[in-house]
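These notes are about the structure you will find just below.
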Amino acid sequence: MTSAQASTQTSTVTAYAAAAAGQPLTRTTIERRALAAHDINVEIHYTGICHSDIHQVHGDWGKGLFPMVPGHEITGIVAETGSEVTTHQVGDRVGVGVIINSCGRCDNCAAGRQQYCTGGGSVETYGDLDRYRNDEPTQGGYSTHIVVDEHFAYRIPKELSLQQAAPLLCAGITTYSPLKHWNAGPGTKVAVIGLGGLGHVAVKVAHALGADVTVLSQSLRKKDDGLRLGADHYYATSDPKTFEELAGTFDLIICTVSAPLDVDAHLSLLTTEGTLVYLGVPDQPISTGVFSLLTGRRSLAGSLIGGVPETQEMLDFCAEHGIGADVEVVRADQINEAFQRVLNSDVRYRFVIDNSTI
Ligand code: NAP
Ligand code: ZN
């Protein structure tokens, strides 16, 4: 589709969906809504495979909405615009991330923190009901097109390829936001736990911000990659000596792991008043002894993606610093295999679907 004329009818598009929790993804069709005044229709070129897609397809986070078309790391080209769209034009390179709506009126929305919307909650790109659009079910980027409100689509700077930019829409903003919030920069020591999709972008961004960066990985298998990506140091957490050597070292630790970890051991690596931020989502509650926090007034925190203005800021920052994800492009018929490889930690460092194969 290349017409600037807005569709007045819904469109049927091809997608990959899981019929029920834990089912493999198969090719199907879904309906996209007719364009409202502020909607754009994006022809999707690439979609990253985030570990969250696997959690949600597997039903790890409670009852999901099925059939489910995952995908919230989306890049493509604007194919159509609604009658009142002002921010994007047909032919523009755009991205869509983890949220596609919010109340727009609460204090958090007003401050550009739509991900923490308190006026009804933000709406996720897939597996959710759009409370602000008659509970319309949302379906994600493992599809050929997506219709989205213009305000939840971002400009992809020309310096970034659509392939390498796709993972930035989740892995990029999820790591950029806490790194900025906790002031990673020159003179600060940052550790990143887990060198996967989020972790490898965290290393690049923390390095570009000027921090001294350490990777804490399960083994030294990916050490050469970690140093090439911008880490200054690389340690294996399977080696108990790591915890002796690095005790009291880091101002900020970014945890991208969803497996259970020894939280106390990792808190002991923080400096006085340092912060351990959880991004990864283990399926069981985490536990810590309170003395691990009292000692050195340490903080344990969490962070969820990022808001609309910060996502655009992150994309512009990545363009300026030449930061894209390291991707392995896969065909749509390889999605299930790619899921398994992510679960086996066999990803370097983000699978990205070529949506033309859907
Ligand atoms: P990923 O690519 O699978 O990376 C996770 C990394 O964790 C792996 O590469 C591995 O790194 C490490 N790991 C795996 N199994 C482990 C184990 N048993 N013990 C210790 N470390 C292990 O996943 P991702 O896409 O980066 O996502 C990571 C987590 O963040 C997921 O839970 C996802 O749902 C969550 N997430 C959160 C947000 C948010 O807003 N907070 C946004 C997106 C994703 P090493 O091999 O280097 O150890
Ligand atoms: Zn994600």
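None of the values given here were measured: they were computed from a predicted structure. Ligands are counted one by one from 1 in listed order, and the atoms in each one are counted from 1 as well.
Atom 45 (P) of ligand 1 has its nearest heavy-atom neighbour, among Pro282, Gly302, Ser258, Ser217, in Ser217.
Residue Leu279 has at least one nitrogen or oxygen atom sitting less than 3.5 Å from a nitrogen or oxygen atom of ligand 1, judged on distance alone.
By the 6.0 Å contact criterion, CG on Asn134 is open, its count of non-hydrogen atoms from other residues, nucleotides or ligands being 12 or less. At most 12 heavy atoms of other shown residues, nucleotides or ligands fall within 6.0 angstrom of atom NE2 in His207.
Contact annotation: for Phe351 versus ligand 1, there are no heavy atoms closer than 4.0 Å. Only the side chain of Cys170 comes within 4.0 Å of ligand 1, judged by heavy-atom distances. Here Thr174 has side-chain heavy atoms under 4.0 Å from ligand 1, and that is the only part of it that gets that close.
Given atom 22 (C) of ligand 1, the protein heavy atom at minimum distance is Gln218 NE2, 3.2 Å. Looking only at protein heavy atoms, the nearest one to atom 2 (O) of ligand 1 is Gly197 N, 2.8 Å. Considering only non-hydrogen protein atoms, atom 18 (N) of ligand 1 sits nearest to Ala259 CB, 3.2 Å.
Using cut-offs of 30° and 60° on the angle between ring planes, the pair Tyr142 and Phe339 is perpendicular.
For the Zn ion (ligand 2), the N/O/S atoms of His51 include none lying under 2.8 Å.
At least one side-chain heavy atom of Tyr126 sits under 4.5 Å from a side-chain heavy atom of Gln56. For the pair Arg350 and Leu198, the minimum side-chain heavy-atom distance is below 4.5 Å.
Distances shorter than 4.0 angstrom do not occur between any heavy atom of Tyr234 and any atom of ligand 1. Distances from ligand 1 to the non-hydrogen atoms of Arg350 include at least one value under 4.0 Å.
Angle SG (Cys170) to the Zn ion (ligand 2) to SG (Cys50): 130°, rounded to 10°.
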